[in-house]
Amino acid sequence: FQAEDGIRDVERSRGLGDVYKRQMREYEVNGSITGFDINRNVVMIYNMNLYRLGGRAHTIDVLRWKPRGEYDGIIGGPPCQPYSFANVKRKGTLHPYFPTLERFFYIIRVLKPKFFVMENVKGLISRKFIDYFKLLMDGVREYYEMDYRLLNMFDYGIPQTRKRVFLIGFREDLGLKPVFPKPLPNKTVLRDIVDEEIPDEYYDVSPKLIEKIMKWKPRRIKSLDNPSPTITGATYDKTSLLTVLIREDDGRIRYPTINEVKRIQGFPDWFKFPSHYGRRRIVEYLGESVPPRFSYLLGKEILNTLSKEM
């Protein structure tokens with residue numbers, strides 16, 4: 001299953017495959033990347049963009065998948081909805097996605113890759129869920145040296161305030177300790193990534209929505225010299241308090257364009273979506289991803305660490 005002197009990776013988190021593959025080429029590492037997702041549209045978008053880079057995604061329900069094979073790395077982002085502060089309806093065990101986190105650790109125990117990375121929302125380490133998270137980590141502790149951190153993507157060149165939990169584990173027999181990327185000295189703000197010309201449709205913001213956000217969530221409206229608030233699937237929602245709005249220098253308030261959302265989320269402009277997808281559908285997928293630019297920095301640290309063993 002594994003290429004000689006290479007890396008074979010199972011990727012369960014969208015947005016990591018392209019930069020990880022690029023980093024593998026930089027380090028002259030041969031191997032393959034296999035991505036799993038239950039959403040066939042996500043799989044299609046992944047393959048449409050990353051197939052040429054050697055990434056292959058498949059529509060698989062990991063709750064039913066029987067882990068087999070040999071893999072050097074597993075990178076995963078179990079659905080965050082059960083632990084998200086934004087989810088006020090069905091949290092924890094009440095959410096149908098709750099079993100996926102435990103399943104992630106089960107897959108780690110069965111396949112025992114050299115390393116693994118897991119990403120999730122900061123709610124996972126809140127008072128309500130931290131004990132459950134630590135219990136799952138204890139289930140693989142005899143096999144792995146692990147560490148987790150709450151990282152803000154703004155510290156890594158992403159023009160967005162986005163705090164996420166990252167857990168890194170290296171198999172005990174390798175004698176390696178997890179290392180996280182160091183924050184970058186230069187920060188990126190909205191002014192650095194905005195389009196030169198903005199179509200009129202993005203200025204079509206309801207005064208009632210602006211008033212509502214200014215009253216309850218004023219930090220969702222940002223000037224050009226600030227990072228964007230967290231991108232979510234509700235970025236273009238015309239009623240939600242999670243809408244993202246930009247205040248231009250002349251005082252006008254607008255939605256970010258699709259290309260701006262890509263850059264805010266750390267995606268390259270060449271990353272494509274089906275032409276019939278509307279902007280709300282596109283931002284739903286972008287908002288659920290790990291910023292690829294950060295993934296590159298994380299992948300660099302992982303391969304640097306593995307090179308000490310390899």
Side-chain angles (χ1 to χ4, degrees), residues 1-36 55 62 67-78 100-122 124-125 130 132-151 153 155-156 164-183 290-310:
F1 292 95
Q2 177 185 335
E4 185 177 357
D5 297 324
I7 293 282
R8 182 181 171 101
D9 172 89
V10 173
E11 183 205 351
R12 293 181 55 220
S13 177
R14 298 180 281 283
L16 291 171
D18 56 339
V19 289
Y20 192 63
K21 196 73 178 181
R22 185 173 70 187
Q23 193 66 35
M24 288 165 64
R25 288 200 300 267
E26 182 177 325
Y27 281 75
E28 297 182 349
V29 177
N30 297 314
S32 62
I33 292 178
T34 301
F36 294 164
V62 295
R68 58 185 180 277
E70 297 179 11
Y71 298 89
D72 285 290
I74 294 178
I75 302 172
T100 58
L101 183 63
E102 181 178 358
R103 186 67 174 180
F104 177 85
F105 284 94
Y106 169 77
I107 291 171
I108 297 301
R109 287 199 306 272
V110 172
L111 295 180
K112 294 184 178 62
K114 289 184 177 180
F115 75 92
F116 71 87
V117 179
M118 192 215 69
E119 176 266 357
N120 217 289
V121 293
K122 64 180 181 179
L124 183 61
I125 57 173
I130 184 64
Y132 177 62
F133 181 42
K134 289 182 176 180
L135 179 66
L136 294 177
M137 284 194 291
D138 286 342
V140 299
R141 196 172 299 280
E142 65 176 302
Y143 309 112
Y144 287 92
E145 180 74 26
M146 293 177 291
D147 192 11
Y148 70 88
R149 302 277 175 86
L150 178 65
L151 304 178
M153 298 297 95
D155 293 329
Y156 299 94
R164 292 294 184 266
V165 175
F166 288 86
L167 169 67
I168 300 176
F170 284 101
R171 212 169 56 208
E172 281 282 359
D173 61 296
L174 302 180
L176 303 173
K177 293 186 179 298
V179 179
F180 292 85
K182 295 180 179 179
V290 175
R293 189 171 296 175
F294 170 78
S295 302
Y296 172 80
L297 298 174
L298 183 59
K300 186 175 181 178
E301 289 293 346
I302 289 173
L303 289 176
N304 275 334
T305 304
L306 282 174
S307 67
K308 299 174 184 178
E309 183 270 339
M310 294 169 65

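Not measured: the values here are computed from a predicted model.
- When side chains are defined from C-beta on, Phe115 counts as touching Ile75, because their heavy atoms get closer than 4.5 Å.
- Every residue was checked against the ring pair (Phe, Tyr, Trp, His ring centres under 6.0 Å) condition with Phe170, not counting sequence neighbours, and none meets it.
- With sequence neighbours left out, the side chain to side chain donor-acceptor pair (under 3.5 Å) criterion links Arg164 to no other residue.
- Between the CD1 atom in Ile108 and the OH atom in Tyr71 there is a gap of 12.0 Å [rounded to 0.5 Å].
- The backbone N or O of Val62 lies less than 3.5 Å from a partner atom in the side chain of Arg103, making a donor-acceptor pair.
- At most 12 heavy atoms of other shown residues, nucleotides or ligands fall within 6.0 angstrom of atom NZ in Lys122.
- Residues Val179 and Asn304 have side chains not in contact (no heavy-atom distance under 4.5 Å, counting atoms from C-beta outward).
- What you find for Ile107 and Pro67 is that their closest heavy atoms are CG1-CG, 3.9 Å.
- To the nearest 0.5 Å, the span separating CZ on Phe105 from CD1 on Ile74 amounts to 11.5 Å.
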Show every donor-acceptor pair shorter than 3.5 Å between a side-chain atom in residues 133-142 and any protein atom, with sequence neighbours excluded, or say none if there are none.
from   : atom 1 : to     : atom 2 : distance (Å)
Asp138 : OD1    : Arg141 : NE     : 3.0
Asp138 : OD1    : Arg141 : NH2    : 3.2

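- Side chains of Tyr148 and Met118 form no contact here, defined as non-hydrogen atoms less than 4.5 Å apart.
- Within 6.0 Å of CD in Glu145 there are more than 12 heavy atoms belonging to other residues, nucleotides or ligands.
- Distance NZ/Lys114 to CD/Glu70: 10.5 Å, rounded to 0.5 Å.
- Annotation: the span from Asp147 atom CG to Phe166 atom CZ amounts to 13.5 Å, rounded to 0.5 Å.
- Within the model, atoms CZ of Phe180 and CG of Leu298 stand 7.5 Å from one another, a figure rounded to the nearest 0.5 Å.
- In this structure, Leu167 CG and Ile125 CD1 are separated by 11.0 Å, a value rounded to the nearest 0.5 Å.
- Between Phe104 and Pro78, the shortest heavy-atom contact is CB-CG, 3.9 Å.
- Heavy atoms from other residues, nucleotides or ligands lying under 6.0 Å from OH of Tyr106 number 12 at most.
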What verdict does the side-chain contact (heavy atoms from CB on, under 4.5 Å) test give for Leu124 and Leu101, after you've listed the backbone C-alpha separation in whole Å, the side-chain angles of each residue and the deciding distance to 0.1 Å? CA-CA 10 Å; Leu124 183 61; Leu101 183 63; 3.6 Å; yes
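- Phe116 has its side chain out of reach of Arg171: every pair of non-hydrogen atoms, C-beta onward, lies at least 4.5 Å apart.
- Judged by distance alone, with hydrogens and angles left aside, the side-chain atoms of Tyr156 form a donor-acceptor pair with the main-chain N or O of Pro181 at under 3.5 Å.
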